[in-house]
Amino acid sequence: MIVRTLDEVTDTDADIKSENWRSKRIILAKEGVGFSVHETTLYAGTESFFWYANHIEAVFITSGEGEIEDLATGEVHQLAPGSLYLLNDHDKHKVRPRTEIKCVCVFNPPVTGREVHDENGVYPLVTEPETATV
């Protein structure tokens, strides 16, 4: 059983900060469970472009409001507490928080924590070395 708090992740190498967002990676690939879990804060008044070409991501909004734009269709969806969006088709998208948004994100395959968005907004597919279990 793994039990971990946000305080244990805060200001460690699993706490990634950018100009537009902060992502606390709570569960990573090294745990070997097939997904990663992050608490992400998106800063009010920003616009972020993302494209997870190598991952599927589910995002559950716990606080704040904004919108997400599907760049393939131009469709815009409103985000508020209780909203979930699933990028099930590696969807290129933009997120525009009107207020600070806090959300829980789940990635498959799991991220290692070493990924950095490239110029296309993509996380590369980084894998952990195989580990033997006893």
With no hydrogens and no angle check, is any side-chain donor or acceptor of [X] less than 3.5 Å from a backbone partner on [Y]?
X	Y	result
Ser48	Val95	no
Asp70	Ala72	yes
Asp7	Thr5	no

Legend entry - Basic-acidic side-chain contact under 4.0 Å: Glu31, Arg4: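 Salt bridge: yes.
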Inset, instruction - Could you tell me whether Asp11 and Lys24 have a side-chain N and a carboxylate O separated by less than 4.0 Å? - result: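 Salt bridge flag = no for Lys24 with Asp11.
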Inset, instruction - Test Arg96 against Glu67 for salt bridge (charged side-chain N to carboxylate O under 4.0 Å, His left out), laying out the working first. - result: CA-CA 5 Å; Arg96 299 180 193 98; Glu67 63 185 27; 3.1 Å; yes
Considering non-hydrogen atoms only, spot the tightest contact between [X] and [Y] and give its length.
X	Y	result
Leu86	Ala58	CD1-CB, 3.8 Å
Gln78	Ser83	O-OG, 4.1 Å
Leu28	Val111	CD2-O, 3.4 Å
Pro81	Gly64	CD-O, 3.2 Å
Lys102	Thr41	NZ-OG1, 2.9 Å
Tyr43	Ser18	CE1-O, 3.7 Å

Inset, instruction - Measure the CZ-NE2 distance between Arg25 and His38 for me, rounded to the nearest 0.5 Å. - result: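 Between atom CZ of Arg25 and atom NE2 of His38 there are 5.5 Å.
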Legend entry - Value rounded to 0.5 Å, distance of CD in Glu57 from CG in Asn88: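 With rounding to 0.5 Å, CD (Glu57) is 12.0 Å from CG (Asn88).
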Side-chain heavy-atom pair [X], [Y] within 4.5 angstrom cut-off:
X	Y	answer
His90	Ile56	yes
Ser23	Glu39	no
Trp51	His93	no
Ile61	Ile101	yes

Legend entry - Short side-chain donor-acceptor distance under 3.5 Å, Thr10 and Asp15: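 No, no side-chain donor-acceptor pair sits under 3.5 Å.
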Shared ILVMFWY cluster between [X] and [Y], side chains joined below 4.5 angstrom?
X	Y	result
Phe50	Tyr85	yes
Val106	Ile68	no
Val9	Ile2	no

Legend entry - Residue pair Phe107, Tyr52: steps toward the ring pair (Phe, Tyr, Trp, His ring centres under 6.0 Å) verdict: CA-CA 10 Å; Phe107 280 85; Tyr52 297 112; 5.0 Å; yes
Legend entry - Heavy atoms of other groups near Asp13 CG, more than 12 under 6.0 Å: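 No, not enclosed.
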Legend entry - Neighbour count above 12 (heavy atom, 6.0 Å) for Glu19 CD: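 Atom CD in Glu19 is not packed in, count stays at 12 or less.
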Inset, instruction - Would you please test Val59 and Leu84 for side chain to side chain contact (heavy atoms under 4.5 Å, CB included) and show each step? - result: CA-CA 5 Å; Val59 177; Leu84 181 138; over 6 Å; no
Inset, instruction - Would you please test Val104 and Val37 for side chain to side chain contact (heavy atoms under 4.5 Å, CB included) and show each step? - result: CA-CA 7 Å; Val104 177; Val37 178; 4.0 Å; yes
